[in-house]
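To keep things clear, I will list the structure first and then write my remarks on it.
In listed order, ligands and their atoms are each counted from 1. Any value given below was found using the heavy atoms of this structure, including those in side chains, with hydrogens, waters and symmetry copies removed.
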Amino acid sequence: MGNGKFTVSSFLKAKNDGEKISMLTAYDYSTAKLLDEAGVDSLLVGDSLAMVVLGHENTLKVTVDDMIHHCKAVSRGVKRAMVIGDMPFMSYHVDIQDSVRNAGRFIQEGGVHGVKLEGGREVIDKVRAVINAQIPVMGHLGLTPQSVNVFGGFKVQGRQEEQAKKIIEDSLLLQEAGVFAIVLECVPERLAKLISEKLQIPTIGIGAGRYCDGQILVSQDMLGMYTDFVPKFVKQYSNLCDTIKESTSTYIKEIREGQFPAKEHSFNIDDKVLEKLY
Ligand code: KIV
């Protein structure tokens with residue numbers, strides 16, 4: 001698309017052309033490089049970093065500094081995909097100026113092309129202000145993990161009429177505010193379909209069924225590397241857990257049995273130099 005890079009306009013074009021958008025999360029340089037080379041359209045440096053990389057029980061503990069550290073690494077690995085930085089808990093909840101300043105840091109320091117904010121009406125003034133600062137914003141509705149304590153756990157959202165209406169209204173509010181896409185997380189498939197049909201901007205589903213305009217998964221889930229908790233909506237395309245464990249056991253065994261390192265892994269020294277050392 002255009003210069004080959006996937007951009008905000010590519011998101012909208014994909015929706016208009018009926019082409020599905022592929023997204024994954026990434027947190028480090030070498031993984032981001034592989035995912036980009038494989039052709040993924042967009043990478044999210046998700047605050048899921050807190051759980052899958054840092055080992056916390058939810059996403060609430062990561063800071064803007066933590067996120068920017070990882071955004072920098074991901075940005076360095078990517079040539080084509082649009083990189084989006086996830087604004088963490090409390091980085092856009094206090095006041096508008098604080099939110100815009102934090103979003104700006106993602107762009108200036110983190111090198112990302114846009115940011116994602118969770119929530120609808122509660123944060124709409126911050127979303128508008130960040131967009132006014134010329135920073136592309138992706139919305140996120142449904143199960144917004146930063147609200148885990150309000151929801152009382154990681155639960156499907158929008159099964160009841162009132163909840164579902166709120167998600168629909170919020171999606172329209174976000175679209176009106178100017179977000180370029182909205183992540184719908186853990187909502188019933190037919191609700192996600194309805195929202196996708198109502199919106200001009202693309203929806204990106206995670207646990208939202210088949211009819212969203214694109215899909216995102218946490219890379220460690222998709223690759224079968226994070227097994228603390230595997231949600232129902234995850235499809236594991238690899239079993240890297242087993243691959244990593246098997247490779248590591250073989251490495252340990254070969255060290256113990258003297259098979260590694262072999263001659264081809266070793267460096268030479270001239271005989272004459274060596275003689276003088278004895
Ligand atoms: O933090 C994250 O990884 C996310 C995706 C699951 C959408 O927000």
Under a 3.5 Å threshold, yes or no: a donor from one side chain and an acceptor from the other, between [X] and [Y]?
X    : Y    : value
T63  : D66  : yes
S247 : T250 : no
Y226 : S219 : no

* **Atom-level proximity to ligand 1, residues with heavy atom under 4.0 Å** => T25, L44, G46, D47, S48, D86, K116, H140, V183, I206, V218
* Does K79 pair with D36 as a salt bridge, N-O distance under 4.0 Å? -> no
* Asked: With a 4.0 Å cut-off, would you call K165 and E169 a salt bridge?
  -> no
* Is the shortest heavy-atom distance from the side chain of D28 to the side chain of V74 under 4.5 Å? -> no
